[in-house]
Amino acid sequence: MTRLAQTAGLNDIQREILATVRDFVDKEIIPVATQLEHRDEYPTEIVEGLKELGLFGLMIPEEYGGLGESLLTYALCVEEIARGWMSVSGIINTHFIVAYMLKQHGTQEQKETFLPRMALGEVRGAFSMSEPALGSDVSAISSKGVKDGEEYVLNGQKMWLTNGGTSTLVAVLARSDEGHPEGTAPHKSMTTFLVEKEPGFGEVRPGLTIPGKIDKMGYKGVDTTELIMDDLRIPANRVLGGTTGRGFYQMMDGVEVGRVNVAARGCGVAQRAFELGVSYAQQRHTFGKPIAQHQAIQFKLAEMATKVEAAHAMMVNAARKKDSGERNDLEAGMAKYLASEYCKEVVEDAFRIHGGYGFSKEYEIERLYREAPMLLIGEGTAEIQKMIIGRRLLEEYRFQG
């Protein structure tokens with residue numbers, strides 16, 4: 001065993017891709033991540049490097065210029081990137097979800113228009129469900145799209161867009177009552193609209209404003225924003241899939257693979273925290289010996305490593321289930337829940353191992369300590385995951401009385 005979180009059964013191409021990404025992370029991300037994070041600076045050079053590696057098109061089919069790789073390959077790459085700096089994996093993730101939704105649900109014209117440019121990183125994706133008054137309660141969305149001839153007019157305010165400023169294509173979930181009479185279930189009157197825009201802040205196209213970056217505790221560097229639509233007009237052919245009323249299902253499909261991604265991010269951050277903790281424990285001396293030789297610290301390291309291994313195994317299982325074409329909401333929910341919770345615990349233990357130095361901005365663990373909490377919330381809180389897991393378990397283990 002050379003290190004934690006090894007994945008069995010990978011082919012030569014997968015191993016080569018992961019080795020390349022890991023090398024990039026070690027040389028191009030880890031040395032600059034903390035400095036960029038403290039300045040809340042967008043990692044332009046890192047993103048350009050990822051574009052050259054082809055990671056923006058990793059799961060986009062080869063016919064559209066991508067690499068046509070599996071969700072497992074993508075998740076393992078995300079794990080490596082998050083090990084270097086979680087914010088960079090967030091930049092990739094929102095782009096990936098929009099590309100996945102286009103691949104799975106888009107019209108042929110939409111696929112041909114966007115996917116080749118997304119594979120090159122020329123078009124950058126973001127997706128938007130949350131609003132200021134709601135997060136997990138997607139059915140309460142109030143943003144609305146009204147048909148007006150060959151266009152839709154969108155109004156509303158959205159919240160928590162990763163890549164909100166740097167993206168050029170946003171998948172926006174809004175209510176669309178056209179063709180859905182009063183009394184229709186809320187989730188059946190939602191539509192995903194593909195909104196093209198210029199990168200930047202302020203009015204990025206007529207009727208669309210990105211006010212600016214939200215100042216966050218962690219997860220810095222990546223731009224997280226609001227999105228305000230005020231009589232925003234978009235062509236009717238920018239309804240994802242060409243039919244209204246399917247937006248909720250399309251978004252949930254995207255979120256499902258996004259949960260595998262968040263689990264992978266949790267695994268990557270936890271791996272890095274373990275690496276920092278085990279390294280520091282062998283350098284720091286107390287009572288005449290390295291603290292790694294104290295039983296109390298060895299117990300912590302043992303617990304941390306076990307959690308890293310367990311979370312990685314569940315993430316890999318969820319990705320492989322999705323790749324097989326099977327329903328994986330149970331596995332994705334479990335993986336996201338466990339990986340995010342274990343990530344928080346492993347980071348905190350590494351923080352404790354560092355003692356007072358962990359509180360200093362000079363040490364990398366301080367950054368991880370501020371980043372880990374975001375994973376507890378993103379793509380559904382722990383409580384939401386438990387609801388999903390519980391309902392699916394009752395479906396699988398229905399009492400036959």
Side-chain angles (χ1 to χ4, degrees), residues 37 40 75 78-79 81-83 85-98 126-141 157-164 167 170-173 213-227 248 251-270 272-273 307 311 314-315 318 329 331-348 351 366-391:
E37 197 270 350
D40 198 8
V78 166
E79 183 179 39
I81 293 168
R83 175 181 155 269
W85 185 13
M86 192 182 74
S87 293
V88 178
S89 64
I91 292 169
I92 296 287
N93 183 45
T94 50
H95 175 87
F96 150 72
I97 290 178
V98 177
F127 79 109
S128 178
M129 290 193 299
S130 296
E131 296 183 0
L134 67 93
S136 299
D137 185 11
V138 180
S139 64
I141 278 177
Q157 184 177 3
K158 310 297 282 187
M159 195 71 175
W160 306 118
L161 274 78
T162 301
N163 287 347
S167 60
V170 185
V172 177
L173 186 64
K213 291 169 64 174
I214 298 169
D215 193 16
K216 309 181 294 279
M217 175 179 75
Y219 199 41
K220 294 179 179 290
V222 60
D223 47 302
T224 305
T225 73
E226 298 176 70
L227 179 147
F248 179 83
M251 282 280 179
M252 290 304 104
D253 190 23
V255 167
E256 193 172 287
V257 292
R259 284 179 178 142
V260 176
N261 173 282
V262 172
R265 283 196 255 179
C267 292
V269 174
R272 184 59 181 165
K307 289 173 181 177
M314 291 198 73
M315 178 272 290
D329 53 342
E331 291 78 8
M334 285 182 167
K336 192 275 174 185
Y337 168 57
L338 190 82
S340 59
E341 295 290 340
Y342 275 180
C343 174
K344 177 202 68 167
E345 294 170 11
V346 171
V347 168
E348 183 172 344
F351 176 84
E366 181 271 344
R367 169 172 63 83
L368 271 59
Y369 194 77
R370 288 183 289 103
E371 289 179 339
M374 196 285 291
L375 298 172
L376 301 172
I377 302 166
E379 315 294 35
T381 63
E383 289 73 23
I384 290 295
Q385 306 311 317
K386 290 176 184 178
M387 288 172 59
I388 293 169
I389 294 165
R391 288 170 181 168

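To the nearest 0.5 Å, atoms CG (Asp329) and CG (Asp253) are separated by 10.5 Å. If you take CD1 on Ile388 and CE on Met252, they are separated by 8.5 Å, rounding to the nearest 0.5 Å. One distance of note links CD1 of Ile81 with CD1 of Ile92; it measures 5.5 Å at 0.5 Å rounding. Atom CZ of residue Arg259 and atom OG of residue Ser340 lie 11.0 Å apart, to the nearest 0.5 angstrom. Here CZ of Arg83 is found 13.0 Å from OG of Ser89. Values are rounded to the nearest 0.5 Å. Note that OG of Ser130 and CD of Glu226 are 12.0 Å apart. Values are rounded to the nearest 0.5 Å.
Proximity of a side-chain donor or acceptor of Asp223 to a complementary backbone N or O of Gly164 within less than 3.5 Å is detected. No donor-acceptor pair under 3.5 Å is formed between the side chain of Lys307 and the backbone N or O of Ala270.
Between Lys336 and Glu379, none of the side-chain N atoms (NZ, or NE/NH1/NH2) sits under 4.0 Å from a carboxylate O, so this pair counts as no salt bridge. Glu366 and Arg370 are joined by a salt bridge, as a carboxylate oxygen and a charged side-chain nitrogen come within less than 4.0 angstrom of each other.
Using a 4.5 Å cut-off on side-chain heavy atoms (C-beta onward), Lys344 and Leu375 make no contact. Within the 4.5 Å cutoff, no side-chain heavy atoms of Met129 are placed close to those of Trp160. Using a 4.5 Å cut-off on side-chain heavy atoms (C-beta onward), Thr162 and Ile91 make no contact. Here the side chains of Asn261 and Val257 are not in contact, with every heavy-atom distance at 4.5 Å or above. Between Val170 and Lys158, the closest side-chain pair of non-hydrogen atoms is not below 4.5 Å. The side-chain heavy atoms of Lys216 and Met374, taken from C-beta on, include no pair separated by under 4.5 Å.
Closest approach of Glu341 to Leu376, counting heavy atoms only: OE2-CD2, 3.8 Å. Residues Val347 and Ala372 come closest through the heavy atom pair CG2-CB, 4.2 Å. For the residue pair Cys267 and Glu79, the shortest heavy atom distance occurs at CB-OE2, 3.2 Å. Between Met314 and Ala335, the closest heavy-atom pair is O-CB, 3.7 Å. Taking both residues in full, the closest heavy atoms of Thr225 and Ile214 are given as C-CD1, 3.9 Å, listed atom of the first, atom of the second, then distance. The two residues Trp85 and Lys220 have their closest heavy-atom pair at CZ2-O, 3.4 Å.
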Legend entry - Stepwise side-chain contact (heavy atoms from CB on, under 4.5 Å) check, Val255 with Phe127: CA-CA 10 Å; Val255 167; Phe127 79 109; 4.3 Å; yes
